[in-house]
Protein chains: 2
Amino acid sequence: MPKSTFLNLPVEKRQHIFNCALQEFARHPYEQASLTEIVNIADIAKGSMYQYFEDKKDLYKYVVQTVYQHKRSFLQSVWDMTDRVEFFSLVSLYYRQSWRYAKQFPEYHKVTANFWDSRDEALRAEILREKQIRSMEFVDLLQHGSRIGVIDTDVDQAAAWFVYHAVGKALIDNFLEQDVNAGAHEAFIDSVLSILEQGLRSRKGY
Amino acid sequence: MPKSTFLNLPVEKRQHIFNCALQEFARHPYEQASLTEIVNIADIAKGSMYQYFEDKKDLYKYVVQTVYQHKRSFLQSVWDMTDRVEFFSLVSLYYRQSWRYAKQFPEYHKVTANFWDSRDEALRAEILREKQIRSMEFVDLLQHGSRIGVIDTDVDQAAAWFVYHAVGKALIDNFLEQDVNAGAHEAFIDSVLSILEQGLRSRKGY
DNA sequence: GAATGATGTGACTGCCTGGTCACATGGGAG
DNA sequence: CTCCCATGTGACCAGGCAGTCACATCATTC
(Lines give C-alpha, C1' and ligand atoms only; values in the text may rest on other atoms or scores of the structure.)
Protein backbone atom coordinates (compact mmCIF):
# COMPACT_ATOMS: atom_id res chain seq x y z
CA MET A 1 0.00 0.00 0.00
CA PRO A 2 2.56 2.60 -1.04
CA LYS A 3 1.23 6.10 -1.66
CA SER A 4 0.69 7.25 -5.23
CA THR A 5 3.85 9.33 -4.93
CA PHE A 6 5.89 6.18 -4.79
CA LEU A 7 4.11 4.58 -7.72
CA ASN A 8 4.75 7.69 -9.83
CA LEU A 9 8.48 7.47 -9.24
CA PRO A 10 10.74 6.41 -12.13
CA VAL A 11 11.11 2.62 -12.05
CA GLU A 12 14.82 2.87 -11.42
CA LYS A 13 14.46 4.89 -8.24
CA ARG A 14 11.57 2.75 -7.06
CA GLN A 15 13.66 -0.38 -7.41
CA HIS A 16 16.60 1.30 -5.71
CA ILE A 17 14.51 2.12 -2.65
CA PHE A 18 12.96 -1.35 -2.69
CA ASN A 19 16.39 -2.96 -2.76
CA CYS A 20 17.70 -0.91 0.15
CA ALA A 21 14.64 -1.76 2.24
CA LEU A 22 15.02 -5.39 1.20
CA GLN A 23 18.59 -5.49 2.48
CA GLU A 24 17.61 -4.11 5.85
CA PHE A 25 14.60 -6.37 6.33
CA ALA A 26 16.74 -9.32 5.30
CA ARG A 27 19.35 -8.45 7.90
CA HIS A 28 16.97 -7.78 10.77
CA PRO A 29 13.48 -8.80 11.85
CA TYR A 30 10.89 -6.06 11.50
CA GLU A 31 11.22 -4.65 15.00
CA GLN A 32 14.99 -4.34 14.79
CA ALA A 33 15.14 -3.06 11.26
CA SER A 34 15.96 0.65 11.15
CA LEU A 35 14.11 2.99 8.85
CA THR A 36 16.84 5.57 9.45
CA GLU A 37 19.39 3.06 8.18
CA ILE A 38 17.31 2.39 5.07
CA VAL A 39 17.04 6.05 4.09
CA ASN A 40 20.74 6.55 4.80
CA ILE A 41 21.73 3.68 2.54
CA ALA A 42 19.20 4.65 -0.11
CA ASP A 43 20.54 8.20 0.14
CA ILE A 44 17.14 9.82 0.32
CA ALA A 45 15.69 12.11 2.99
CA LYS A 46 13.65 10.54 5.74
CA GLY A 47 10.79 12.85 4.88
CA SER A 48 10.75 11.45 1.34
CA MET A 49 10.16 7.97 2.66
CA TYR A 50 7.05 9.29 4.41
CA GLN A 51 5.90 10.72 1.09
CA TYR A 52 6.08 7.21 -0.35
CA PHE A 53 4.74 5.12 2.55
CA GLU A 54 2.43 5.66 5.50
CA ASP A 55 4.94 4.43 8.02
CA LYS A 56 7.55 1.75 8.70
CA LYS A 57 5.01 -1.06 8.78
CA ASP A 58 3.51 0.08 5.48
CA LEU A 59 6.92 -0.13 3.84
CA TYR A 60 7.51 -3.51 5.42
CA LYS A 61 4.22 -4.93 4.21
CA TYR A 62 4.98 -3.70 0.72
CA VAL A 63 8.38 -5.38 0.72
CA VAL A 64 7.03 -8.66 2.12
CA GLN A 65 4.19 -8.72 -0.35
CA THR A 66 6.46 -8.05 -3.30
CA VAL A 67 8.86 -10.73 -2.15
CA TYR A 68 6.06 -13.28 -1.83
CA GLN A 69 4.86 -12.59 -5.35
CA HIS A 70 8.40 -12.97 -6.58
CA LYS A 71 8.82 -16.29 -4.82
CA ARG A 72 5.46 -17.60 -5.93
CA SER A 73 6.29 -16.97 -9.55
CA PHE A 74 9.61 -18.75 -9.07
CA LEU A 75 7.85 -21.83 -7.67
CA GLN A 76 5.06 -21.74 -10.22
CA SER A 77 6.90 -24.11 -12.55
CA VAL A 78 6.65 -26.83 -9.89
CA TRP A 79 2.95 -26.32 -9.23
CA ASP A 80 2.32 -26.51 -12.95
CA MET A 81 3.52 -30.12 -12.87
CA THR A 82 0.97 -31.23 -10.30
CA ASP A 83 -1.01 -33.28 -12.76
CA ARG A 84 1.91 -34.91 -14.51
CA VAL A 85 4.24 -35.84 -11.66
CA GLU A 86 3.89 -38.35 -8.85
CA PHE A 87 3.59 -37.08 -5.26
CA PHE A 88 7.07 -37.85 -3.94
CA SER A 89 8.80 -36.53 -7.05
CA LEU A 90 6.73 -33.40 -6.88
CA VAL A 91 7.67 -32.77 -3.26
CA SER A 92 11.30 -33.36 -4.09
CA LEU A 93 11.06 -30.85 -6.92
CA TYR A 94 9.33 -28.41 -4.62
CA TYR A 95 12.00 -28.64 -1.94
CA ARG A 96 14.79 -28.41 -4.47
CA GLN A 97 13.23 -25.42 -6.14
CA SER A 98 12.68 -23.67 -2.79
CA TRP A 99 16.29 -24.31 -1.97
CA ARG A 100 17.45 -22.90 -5.31
CA TYR A 101 15.33 -19.85 -4.70
CA ALA A 102 16.96 -19.27 -1.33
CA LYS A 103 20.39 -19.73 -2.90
CA GLN A 104 19.67 -17.48 -5.84
CA PHE A 105 17.88 -14.71 -3.93
CA PRO A 106 19.22 -14.97 -0.39
CA GLU A 107 17.91 -11.55 0.66
CA TYR A 108 14.44 -12.34 -0.63
CA HIS A 109 14.52 -15.61 1.24
CA LYS A 110 15.69 -14.02 4.46
CA VAL A 111 12.86 -11.51 4.32
CA THR A 112 10.30 -14.31 4.14
CA ALA A 113 12.09 -16.23 6.89
CA ASN A 114 12.08 -13.17 9.15
CA PHE A 115 8.45 -12.54 8.37
CA TRP A 116 7.57 -16.14 9.05
CA ASP A 117 8.65 -16.04 12.67
CA SER A 118 7.67 -12.48 13.36
CA ARG A 119 6.10 -11.76 16.74
CA ASP A 120 4.11 -8.75 15.68
CA GLU A 121 0.45 -9.31 16.50
CA ALA A 122 -0.84 -7.47 13.45
CA LEU A 123 1.32 -9.57 11.16
CA ARG A 124 0.50 -12.94 12.75
CA ALA A 125 -2.93 -12.96 11.14
CA GLU A 126 -1.45 -12.75 7.64
CA ILE A 127 1.10 -15.41 8.50
CA LEU A 128 -1.62 -17.79 9.62
CA ARG A 129 -3.56 -17.10 6.43
CA GLU A 130 -0.51 -17.85 4.31
CA LYS A 131 0.09 -21.04 6.28
CA GLN A 132 -3.46 -22.22 5.84
CA ILE A 133 -3.33 -21.76 2.08
CA ARG A 134 -0.19 -23.84 1.81
CA SER A 135 -1.65 -26.47 4.10
CA MET A 136 -4.70 -26.83 1.87
CA GLU A 137 -2.58 -27.11 -1.25
CA PHE A 138 -0.52 -29.81 0.39
CA VAL A 139 -3.49 -31.79 1.62
CA ASP A 140 -4.90 -31.70 -1.91
CA LEU A 141 -1.70 -33.33 -3.13
CA LEU A 142 -1.88 -35.91 -0.37
CA GLN A 143 -5.46 -36.83 -1.18
CA HIS A 144 -4.60 -37.16 -4.83
CA GLY A 145 -1.72 -39.44 -3.83
CA SER A 146 -4.08 -41.49 -1.68
CA ARG A 147 -6.57 -41.88 -4.49
CA ILE A 148 -4.05 -43.18 -6.96
CA GLY A 149 -2.63 -45.49 -4.29
CA VAL A 150 0.81 -44.00 -3.89
CA ILE A 151 0.20 -42.93 -0.34
CA ASP A 152 -0.88 -45.08 2.57
CA THR A 153 -4.54 -44.33 3.22
CA ASP A 154 -4.04 -44.67 6.98
CA VAL A 155 -1.75 -41.65 7.11
CA ASP A 156 -2.96 -38.78 9.29
CA GLN A 157 -3.00 -35.96 6.76
CA ALA A 158 -2.70 -33.12 9.23
CA ALA A 159 0.32 -34.83 10.73
CA ALA A 160 1.82 -35.37 7.28
CA TRP A 161 1.45 -31.72 6.38
CA PHE A 162 2.97 -30.80 9.71
CA VAL A 163 6.02 -32.97 9.14
CA TYR A 164 6.62 -31.76 5.60
CA HIS A 165 6.22 -28.17 6.56
CA ALA A 166 8.57 -28.39 9.53
CA VAL A 167 11.19 -30.28 7.56
CA GLY A 168 10.92 -28.07 4.51
CA LYS A 169 11.45 -24.94 6.56
CA ALA A 170 14.42 -26.42 8.37
CA LEU A 171 15.97 -27.71 5.15
CA ILE A 172 16.37 -24.20 3.92
CA ASP A 173 17.02 -22.29 7.13
CA ASN A 174 19.81 -24.46 8.45
CA PHE A 175 21.94 -24.69 5.37
CA LEU A 176 21.73 -21.23 3.96
CA GLU A 177 24.32 -19.70 6.24
CA GLN A 178 27.01 -22.25 5.52
CA ASP A 179 27.98 -22.31 1.87
CA VAL A 180 27.01 -25.87 1.11
CA ASN A 181 27.84 -27.41 -2.23
CA ALA A 182 24.57 -27.11 -4.12
CA GLY A 183 24.59 -30.64 -5.52
CA ALA A 184 25.45 -32.10 -2.12
CA HIS A 185 22.56 -30.33 -0.50
CA GLU A 186 20.09 -31.46 -3.11
CA ALA A 187 21.28 -35.00 -2.42
CA PHE A 188 20.73 -34.38 1.29
CA ILE A 189 17.24 -33.15 0.52
CA ASP A 190 16.54 -36.48 -1.10
CA SER A 191 17.96 -38.39 1.87
CA VAL A 192 15.61 -36.48 4.11
CA LEU A 193 12.69 -37.08 1.76
CA SER A 194 13.46 -40.76 1.62
CA ILE A 195 13.08 -40.88 5.40
CA LEU A 196 9.71 -39.22 5.17
CA GLU A 197 8.78 -41.57 2.36
CA GLN A 198 9.88 -44.81 3.97
CA GLY A 199 10.28 -44.02 7.64
CA LEU A 200 12.99 -45.47 9.80
CA ARG A 201 11.65 -48.82 10.85
CA SER A 202 13.45 -51.86 9.56
CA ARG A 203 11.79 -53.67 6.61
CA LYS A 204 13.18 -57.06 7.61
CA GLY A 205 9.79 -58.25 8.71
CA TYR A 206 8.23 -57.95 5.29
CA MET B 1 28.86 -15.37 35.26
CA PRO B 2 27.10 -13.14 37.78
CA LYS B 3 29.36 -11.09 40.07
CA SER B 4 29.93 -12.30 43.62
CA THR B 5 27.56 -9.59 44.83
CA PHE B 6 24.70 -11.41 43.19
CA LEU B 7 25.70 -14.78 44.58
CA ASN B 8 25.84 -13.31 48.10
CA LEU B 9 22.27 -12.09 47.86
CA PRO B 10 19.58 -13.85 49.92
CA VAL B 11 18.12 -16.68 47.84
CA GLU B 12 14.70 -15.08 47.82
CA LYS B 13 15.90 -11.86 46.23
CA ARG B 14 18.10 -13.72 43.80
CA GLN B 15 15.16 -15.78 42.59
CA HIS B 16 12.98 -12.68 42.37
CA ILE B 17 15.46 -10.97 40.06
CA PHE B 18 15.91 -14.17 38.06
CA ASN B 19 12.17 -14.49 37.58
CA CYS B 20 11.75 -10.92 36.39
CA ALA B 21 14.58 -11.33 33.90
CA LEU B 22 13.07 -14.64 32.83
CA GLN B 23 9.73 -13.00 32.04
CA GLU B 24 11.36 -10.36 29.89
CA PHE B 25 13.60 -12.75 27.97
CA ALA B 26 10.60 -15.01 27.43
CA ARG B 27 8.58 -12.14 26.01
CA HIS B 28 11.29 -10.75 23.73
CA PRO B 29 14.40 -11.97 21.94
CA TYR B 30 17.64 -10.76 23.46
CA GLU B 31 18.04 -7.65 21.32
CA GLN B 32 14.51 -6.43 22.03
CA ALA B 33 14.46 -7.29 25.71
CA SER B 34 14.75 -4.19 27.88
CA LEU B 35 17.01 -4.11 30.89
CA THR B 36 15.22 -0.98 32.05
CA GLU B 37 11.96 -2.92 31.99
CA ILE B 38 13.50 -5.75 34.02
CA VAL B 39 14.73 -3.49 36.82
CA ASN B 40 11.39 -1.64 36.85
CA ILE B 41 9.45 -4.85 37.27
CA ALA B 42 11.93 -6.26 39.76
CA ASP B 43 11.70 -2.93 41.61
CA ILE B 44 15.43 -2.54 42.01
CA ALA B 45 17.69 0.29 40.89
CA LYS B 46 19.39 -0.03 37.54
CA GLY B 47 22.72 0.52 39.24
CA SER B 48 22.08 -2.52 41.40
CA MET B 49 21.74 -4.71 38.35
CA TYR B 50 25.21 -3.60 37.33
CA GLN B 51 26.46 -4.63 40.74
CA TYR B 52 25.16 -8.12 40.06
CA PHE B 53 26.05 -8.57 36.38
CA GLU B 54 28.64 -7.19 34.01
CA ASP B 55 26.06 -6.07 31.48
CA LYS B 56 22.87 -7.08 29.70
CA LYS B 57 24.49 -9.97 27.89
CA ASP B 58 25.98 -11.29 31.11
CA LEU B 59 22.55 -11.38 32.70
CA TYR B 60 21.11 -13.01 29.60
CA LYS B 61 23.74 -15.73 29.52
CA TYR B 62 23.09 -16.46 33.18
CA VAL B 63 19.35 -16.79 32.59
CA VAL B 64 19.78 -19.01 29.53
CA GLN B 65 22.28 -21.22 31.29
CA THR B 66 20.07 -21.65 34.34
CA VAL B 67 17.09 -22.44 32.16
CA TYR B 68 19.02 -25.08 30.25
CA GLN B 69 20.08 -26.81 33.45
CA HIS B 70 16.49 -26.75 34.61
CA LYS B 71 15.26 -28.28 31.37
CA ARG B 72 17.99 -30.90 31.28
CA SER B 73 17.08 -32.12 34.74
CA PHE B 74 13.43 -32.29 33.69
CA LEU B 75 14.31 -34.48 30.69
CA GLN B 76 16.78 -36.60 32.62
CA SER B 77 14.14 -39.19 33.48
CA VAL B 78 13.79 -39.98 29.77
CA TRP B 79 17.52 -40.29 29.16
CA ASP B 80 17.73 -42.66 32.11
CA MET B 81 15.54 -45.11 30.20
CA THR B 82 17.87 -45.35 27.22
CA ASP B 83 18.93 -48.91 28.00
CA ARG B 84 15.53 -50.26 28.84
CA VAL B 85 13.29 -48.76 26.16
CA GLU B 86 13.15 -49.32 22.42
CA PHE B 87 14.10 -46.48 20.08
CA PHE B 88 10.69 -45.35 18.86
CA SER B 89 9.15 -45.48 22.32
CA LEU B 90 12.05 -43.50 23.70
CA VAL B 91 11.66 -40.80 21.08
CA SER B 92 7.95 -40.66 21.80
CA LEU B 93 8.67 -40.27 25.50
CA TYR B 94 11.24 -37.59 24.73
CA TYR B 95 8.85 -35.55 22.59
CA ARG B 96 6.05 -35.92 25.11
CA GLN B 97 8.27 -34.91 27.97
CA SER B 98 9.58 -31.90 26.07
CA TRP B 99 6.03 -30.91 25.36
CA ARG B 100 5.06 -31.26 29.02
CA TYR B 101 8.02 -29.13 29.96
CA ALA B 102 6.92 -26.38 27.61
CA LYS B 103 3.40 -26.61 29.00
CA GLN B 104 4.48 -26.63 32.62
CA PHE B 105 7.16 -23.94 32.34
CA PRO B 106 6.11 -21.83 29.37
CA GLU B 107 8.45 -18.96 30.22
CA TYR B 108 11.42 -21.28 30.53
CA HIS B 109 10.54 -22.81 27.22
CA LYS B 110 10.16 -19.47 25.49
CA VAL B 111 13.58 -18.39 26.71
CA THR B 112 15.17 -21.44 25.12
CA ALA B 113 13.13 -20.93 21.94
CA ASN B 114 14.22 -17.30 21.70
CA PHE B 115 17.80 -18.27 22.36
CA TRP B 116 17.66 -21.01 19.76
CA ASP B 117 16.94 -18.65 16.89
CA SER B 118 18.97 -15.74 18.17
CA ARG B 119 20.99 -13.84 15.58
CA ASP B 120 23.67 -12.57 17.91
CA GLU B 121 27.05 -13.65 16.59
CA ALA B 122 28.57 -14.21 20.01
CA LEU B 123 25.70 -16.49 20.99
CA ARG B 124 25.64 -18.52 17.76
CA ALA B 125 28.75 -20.41 18.80
CA GLU B 126 27.10 -21.70 21.98
CA ILE B 127 23.97 -22.61 20.05
CA LEU B 128 25.96 -24.68 17.59
CA ARG B 129 27.75 -26.43 20.46
CA GLU B 130 24.44 -27.27 22.11
CA LYS B 131 23.10 -28.56 18.80
CA GLN B 132 26.10 -30.78 18.22
CA ILE B 133 25.77 -32.40 21.63
CA ARG B 134 22.15 -33.27 21.00
CA SER B 135 22.99 -34.54 17.54
CA MET B 136 25.60 -36.91 18.95
CA GLU B 137 23.22 -38.21 21.59
CA PHE B 138 20.61 -38.86 18.94
CA VAL B 139 22.99 -40.62 16.57
CA ASP B 140 24.04 -42.87 19.46
CA LEU B 141 20.42 -43.87 19.88
CA LEU B 142 20.08 -44.48 16.14
CA GLN B 143 23.15 -46.68 16.01
CA HIS B 144 21.91 -48.68 18.97
CA GLY B 145 18.61 -49.10 17.13
CA SER B 146 20.43 -50.22 14.02
CA ARG B 147 22.46 -52.78 15.95
CA ILE B 148 19.45 -54.41 17.53
CA GLY B 149 17.67 -54.40 14.17
CA VAL B 150 14.85 -51.99 14.94
CA ILE B 151 16.06 -49.39 12.49
CA ASP B 152 16.72 -49.83 8.81
CA THR B 153 20.49 -49.94 8.35
CA ASP B 154 20.24 -48.03 5.06
CA VAL B 155 18.97 -44.92 6.79
CA ASP B 156 21.12 -41.82 6.43
CA GLN B 157 21.75 -40.98 10.07
CA ALA B 158 22.51 -37.32 9.56
CA ALA B 159 19.26 -36.97 7.65
CA ALA B 160 17.39 -38.82 10.37
CA TRP B 161 18.72 -36.54 13.05
CA PHE B 162 17.83 -33.58 10.92
CA VAL B 163 14.25 -34.71 10.48
CA TYR B 164 13.71 -35.51 14.14
CA HIS B 165 15.22 -32.26 15.25
CA ALA B 166 13.16 -30.15 12.86
CA VAL B 167 9.96 -31.95 13.72
CA GLY B 168 10.60 -31.93 17.45
CA LYS B 169 11.17 -28.20 17.48
CA ALA B 170 8.06 -27.53 15.41
CA LEU B 171 5.94 -29.84 17.55
CA ILE B 172 6.50 -27.61 20.52
CA ASP B 173 6.69 -24.18 18.91
CA ASN B 174 3.52 -24.38 16.89
CA PHE B 175 1.16 -25.58 19.55
CA LEU B 176 2.26 -23.68 22.57
CA GLU B 177 0.41 -20.49 21.71
CA GLN B 178 -2.97 -22.13 21.21
CA ASP B 179 -4.20 -23.85 24.34
CA VAL B 180 -4.38 -27.35 22.97
CA ASN B 181 -5.92 -30.14 24.97
CA ALA B 182 -2.88 -31.88 26.41
CA GLY B 183 -4.05 -35.41 25.67
CA ALA B 184 -4.99 -34.48 22.12
CA HIS B 185 -1.60 -33.03 21.45
CA GLU B 186 0.21 -36.08 22.79
CA ALA B 187 -1.90 -38.13 20.40
CA PHE B 188 -0.88 -35.81 17.59
CA ILE B 189 2.74 -36.26 18.59
CA ASP B 190 2.30 -39.99 18.08
CA SER B 191 0.65 -39.46 14.70
CA VAL B 192 3.64 -37.44 13.64
CA LEU B 193 6.04 -40.02 15.01
CA SER B 194 4.24 -42.77 13.20
CA ILE B 195 4.88 -40.94 9.95
CA LEU B 196 8.57 -40.73 10.74
CA GLU B 197 8.52 -44.38 11.73
CA GLN B 198 6.67 -45.73 8.70
CA GLY B 199 6.83 -42.99 6.13
CA LEU B 200 4.01 -42.20 3.75
CA ARG B 201 4.44 -44.67 0.95
CA SER B 202 1.73 -47.22 0.52
CA ARG B 203 2.53 -50.71 1.84
CA LYS B 204 0.33 -52.46 -0.68
CA GLY B 205 3.32 -53.79 -2.54
CA TYR B 206 4.56 -55.90 0.35
C1' DG C 1 30.50 5.95 68.64
C1' DA C 2 33.66 5.96 64.85
C1' DA C 3 35.57 3.94 60.90
C1' DT C 4 35.40 0.91 56.95
C1' DG C 5 34.03 -1.47 53.03
C1' DA C 6 30.23 -3.64 50.70
C1' DT C 7 25.79 -2.77 48.75
C1' DG C 8 21.92 0.15 46.94
C1' DT C 9 20.44 4.23 44.19
C1' DG C 10 18.42 7.04 40.36
C1' DA C 11 19.52 11.14 37.84
C1' DC C 12 22.26 11.53 34.07
C1' DT C 13 24.88 10.77 29.46
C1' DG C 14 25.14 9.67 24.74
C1' DC C 15 23.00 7.36 21.32
C1' DC C 16 19.41 5.67 18.44
C1' DT C 17 14.60 5.23 17.16
C1' DG C 18 10.05 6.40 14.27
C1' DG C 19 7.76 10.16 12.90
C1' DT C 20 6.80 15.45 11.88
C1' DC C 21 6.83 19.78 9.61
C1' DA C 22 8.09 24.26 7.90
C1' DC C 23 10.54 25.10 4.22
C1' DA C 24 13.18 24.44 -0.42
C1' DT C 25 13.19 22.81 -5.08
C1' DG C 26 11.54 21.76 -9.70
C1' DG C 27 8.96 21.57 -13.82
C1' DG C 28 4.88 22.32 -16.46
C1' DA C 29 0.74 25.58 -17.49
C1' DG C 30 -1.05 30.09 -18.25
C1' DC D 1 7.92 35.69 -15.96
C1' DT D 2 4.66 33.98 -12.65
C1' DC D 3 1.95 30.91 -10.48
C1' DC D 4 1.05 26.36 -8.66
C1' DC D 5 1.35 22.01 -6.96
C1' DA D 6 3.88 17.76 -6.51
C1' DT D 7 8.04 16.31 -4.73
C1' DG D 8 12.24 16.56 -1.82
C1' DT D 9 14.51 17.84 2.60
C1' DG D 10 16.81 17.47 7.18
C1' DA D 11 16.61 19.70 11.59
C1' DC D 12 13.82 18.59 15.15
C1' DC D 13 10.74 16.09 18.71
C1' DA D 14 9.53 12.80 22.16
C1' DG D 15 10.61 8.53 23.80
C1' DG D 16 13.46 4.43 24.66
C1' DC D 17 17.83 2.27 25.22
C1' DA D 18 22.37 0.43 27.82
C1' DG D 19 25.47 1.88 30.79
C1' DT D 20 27.76 5.28 34.45
C1' DC D 21 28.79 7.48 38.67
C1' DA D 22 28.72 10.44 42.66
C1' DC D 23 26.40 9.75 46.47
C1' DA D 24 23.46 7.40 50.27
C1' DT D 25 22.70 3.50 53.19
C1' DC D 26 23.80 -0.41 55.83
C1' DA D 27 26.25 -3.93 58.60
C1' DT D 28 30.57 -5.07 60.83
C1' DT D 29 34.48 -4.31 63.14
C1' DC D 30 37.27 -2.11 66.47
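Letters A, B, ... mirror the listed sequences (proteins, then strands); counts begin at 1.
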Item to complete: Take A:M1 and A:K61, measure what side chain to side chain contact (heavy atoms under 4.5 Å, CB included) needs, and give me the verdict at the end.
Response: CA-CA 8 Å; A:M1 323 74 208; A:K61 282 184 181 175; 4.2 Å; yes
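Among residues two or more places apart in sequence or in another chain, the salt bridge (charged side-chain N to carboxylate O under 4.0 Å, His left out) test is passed with B:R100 by B:E186. Evaluation of the salt bridge (charged side-chain N to carboxylate O under 4.0 Å, His left out) rule for B:D58 yields no partner, not counting sequence neighbours. Here B:K57 pairs with B:D120 under the salt bridge (charged side-chain N to carboxylate O under 4.0 Å, His left out) rule; sequence neighbours left out. By the salt bridge (charged side-chain N to carboxylate O under 4.0 Å, His left out) test, B:K169 pairs with B:D117, B:D173, sequence neighbours left out.
A heavy atom lying under 4.0 Å from DNA chain D marks none of the residues of residues 1-18 of chain B. Taken residue by residue, residues 37-46 of chain B places heavy atoms nearer than 4.0 Å to DNA chain C at B:A45, B:K46. Scanning residues 23-36 of chain A for heavy-atom distances under 4.0 Å to DNA chain C yields A:A33, A:S34, A:L35, A:T36. Interface residues of residues 50-64 of chain B facing DNA chain C, ordered by number: B:Q51, B:Y52; criterion, heavy-atom separation under 4.0 Å.
Pairing each heavy atom of B:A33 with each of B:K56, the nearest pair is O-NZ, 2.8 Å.
When ring centroids are compared, B:Y30 and B:F115 stay outside the 6.0 Å threshold. For B:H70 and B:F105, the ring centers sit closer than 6.0 Å to each other. The distance between the ring centers of B:F138 and B:H165 does not fall below 6.0 angstrom. Aromatic ring centroids of A:F188 and B:F162 lie under 6.0 Å apart. A:Y101 and A:H109 have their aromatic ring centers separated by at least 6.0 angstrom.
Side-chain contact between A:V64 and A:T112 is absent, with no heavy atoms from C-beta onward closer than 4.5 Å.
Under the salt bridge (Lys or Arg N to Asp or Glu O under 4.0 Å) criterion, the residue pairs touching residues 74-87 of chain B are A:R201-B:E86, with sequence neighbours excluded. Listed by first and then second residue, the salt bridge (Lys or Arg N to Asp or Glu O under 4.0 Å) pairs that reach into residues 14-43 of chain A come to none, sequence neighbours excluded.
Between A:D156 and B:S194, the side chains place no donor N or O within less than 3.5 Å of an acceptor N or O (distance only, hydrogens not considered). In the model, A:N174 has a side-chain atom that pairs as donor or acceptor with a side-chain atom of B:K131 under 3.5 Å.
Under a cutoff of 6.0 Å and an axis angle of 45°, B:K103 and B:F175 do not form a cation-pi pair.
Taking a heavy-atom distance under 4.0 Å as the criterion, the stretch of DNA chain C touched by chain B extends 5' to 3' from C:dT7 to C:dG10.
Between its opening and closing five pairs, the helix from C:dG1-D:dC30 to C:dG30-D:dC1 changes axis direction by 30°, a value rounded to 10 degrees.
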